[in-house]
Amino acid sequence: MGRVTTADLWHHYGRVRAERDHAVPDSFRWSWSQVDGPGAEVLGDLAGKTVADLGAGAARHAAHLTVHHVPARIDAVDASPAQYAMATALYGPLAPRLCLVHRDVVAHLHAHPGAYDVLYSVFGALDFTDPRTLLAADVPARTPDGESATLRRWVLQEYVWTKVLDEAGFAGIRVEELPAGEGSRAATALLITAERSDAPV
Ligand SMILES: C[S@@+](CC[C@H](N)C(=O)[O-])C[C@H]1O[C@@H](n2cnc3c(N)ncnc32)[C@H](O)[C@@H]1O
């Protein structure tokens with residue numbers, strides 16, 4: 001029987017970069033490589049909007065939007081204690097416009113129905129939260145002690161995303177495949193946008 005663990009499997013993610021790079025990023029990229037492809041314009045004009053980043057990690061994307069796109073507020077939500085601590089150390093001073101929230105996104109959104117104008121996720125909670133218990137795949141990870149572990153990740157095909165978003169009442173569903181870029185760890189990414197104006201999120 002497998003060992004049940006509650007270890008923070010995001011303990012190591014972004015840690016090396018967080019030690020040397022404390023800057024607010026100059027750009028926002030949706031692609032896996034983070035060097036090219038579409039940017040924050042995908043989200044529309046954020047001026048005065050209330051925004052949430054679902055699975056924000058160290059909150060680099062949210063910090064960029066806070067500084068360069070003057071939203072009313074961005075809530076950078078993440079369930080990982082390690083990621084929340086990293087985000088706090090890096091971007092805590094951007095409060096109150098940037099609000100770091102240590103919570104599971106499902107619980108957070110249920111607690112704040114209709115609170116947001118714009119929601120986004122960059123390889124974040126949408127990837128790691130069961131949309132309909134479909135297409136599970138395990139991703140290697142490490143506990144803080146260095147032990148091997150796995151994470152469940154839902155890598156949905158375009159038609160499945162379209163179907164589950166449509167069934168959840170979203171309209172204007174657009175899917176764009178972003179090229180992989182260079183490098184041995186390059187991967188293509190799906191950029192998915194949709195709107196739901198008649199129901200709270
Ligand atoms: C691959 S990281 C991406 C982080 C960040 N968006 C980035 O691009 O650097 C995935 C993040 O999603 C967070 N996450 C996954 N499922 C979550 C959930 N249900 N609620 C809140 N955060 C979640 C993890 O804690 C982790 O920080």
Side-chain angles (χ1 to χ4, degrees), residues 8-106 108-109 115-129 139 141-142 144 151 153 155 176 178-193:
D8 184 356
L9 299 182
W10 296 103
H11 176 86
H12 300 283
Y13 184 80
R15 186 162 293 279
V16 172
R17 180 176 176 189
E19 280 165 11
R20 61 171 167 73
D21 180 2
H22 301 178
V24 173
D26 290 338
S27 64
F28 178 126
R29 297 291 170 212
W30 292 96
S31 59
W32 189 266
S33 66
Q34 302 278 294
V35 292
D36 52 17
E41 71 281 359
V42 169
L43 300 172
D45 183 3
L46 296 181
K49 298 273 175 64
T50 305
V51 181
D53 183 331
L54 306 179
R60 291 186 187 276
H61 295 92
H64 168 85
L65 296 179
T66 302
V67 170
H68 295 285
H69 294 264
V70 287
R73 194 182 81 237
I74 299 191
D75 290 349
V77 186
D78 204 289
S80 156
Q83 294 298 316
Y84 174 75
M86 249 183 247
T88 302
L90 287 168
Y91 303 120
L94 296 181
R97 184 166 281 166
L98 175 63
C99 176
L100 303 171
V101 179
H102 182 207
R103 200 169 188 193
D104 182 273
V105 298
V106 177
H108 182 76
L109 291 175
Y116 297 105
D117 301 308
V118 177
L119 297 172
Y120 70 91
S121 181
V122 187
F123 309 115
L126 282 191
D127 284 26
F128 296 96
T129 308
V139 178
R142 278 183 298 137
L151 283 165
R153 181 172 199 159
V155 182
E176 185 184 344
L178 306 181
E182 304 288 323
S184 59
R185 302 182 71 183
T188 57
L190 290 182
L191 173 61
I192 303 171
T193 54

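Just so you know, these numbers use all the heavy atoms, side chains as well, and skip hydrogens, waters and symmetry mates. Quick caveat, the model's predicted, so the values are computed rather than measured.
Partners of R15 according to the side-chain contact (heavy atoms from CB on, under 4.5 Å) rule, which considers only residues two or more places apart in sequence or in another chain, are H11, E19, A82, M86. Residues passing the salt bridge (charged side-chain N to carboxylate O under 4.0 Å, His left out) test with R17 are D21, sequence neighbours excluded. Not counting sequence neighbours, the partners of S31 by the side-chain contact (heavy atoms from CB on, under 4.5 Å) test are R29, S33, D36, L178. Partners of V118 according to the side-chain contact (heavy atoms from CB on, under 4.5 Å) rule, which considers only residues two or more places apart in sequence or in another chain, are L43, L46, V51. A search for salt bridge (charged side-chain N to carboxylate O under 4.0 Å, His left out) contacts involving D75 returns R73, not counting sequence neighbours.
With rounding to the nearest 0.5 angstrom, the CG atom of L109 is 6.0 Å from the CG atom of L119. Here CZ of R103 is found 7.0 Å from NE2 of H108. Values are rounded to the nearest 0.5 Å. L98 contributes atom CG, which lies 9.5 Å from atom CG of D53 (distance to the nearest 0.5 angstrom). Note: H102 NE2 to D78 CG = 7.5 Å, rounded to the nearest 0.5 Å.
Of all heavy-atom pairs spanning A59 and L100, the tightest one is CB-CD2, 3.9 Å. Looking at every heavy atom in both residues, A72 comes nearest to T50 through CB-OG1, 4.3 Å. When every heavy atom of R142 is checked against every heavy atom of H12, the shortest pair comes out as O-CD2, 3.6 Å. Closest approach of L65 to I74, counting heavy atoms only: CB-CD1, 3.3 Å. Annotation for P38 and L191: closest pair CG-CD2, 3.7 Å, computed over non-hydrogen atoms. For the pair V105 and G55, the tightest heavy-atom approach, listed with the atom from each and the gap, is CG1-N, 3.8 Å.
Crowding of E182 atom CD: a count of heavy atoms from other residues, nucleotides or ligands under 6.0 Å not exceeding 12.
Taking the six-membered ring for Trp and thresholds of 30 and 60 degrees, H61 and F28 have ring planes more than 60 degrees apart, a perpendicular arrangement. Taking the six-membered ring where tryptophan is involved, the planes of Y120 and W30 are perpendicular, since the angle between them exceeds 60° and thus also 30°.
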>> Would R97 and V70 count as a side chain to side chain contact (heavy atoms under 4.5 Å, CB included) here? Give the steps.
In response: CA-CA 8 Å; R97 184 166 281 166; V70 287; 3.7 Å; yes
>> Set out, in order, the CA-CA distance, both residues' side-chain angles and the distance that settles side chain to side chain contact (heavy atoms under 4.5 Å, CB included) for R60 and Y91, then state yes or no.
In response: CA-CA 8 Å; R60 291 186 187 276; Y91 303 120; 3.1 Å; yes
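Sorted by first and then second residue, the ring-ring contact (aromatic ring centres under 6.0 Å, His included) pairs with a member in residues 38-57 form an empty list; sequence neighbours excluded.
Ring-centre distance between Y13 and F123: not below the 6.0 Å cut-off.
Using a 4.5 Å cut-off on side-chain heavy atoms (C-beta onward), L54 and T129 make no contact.
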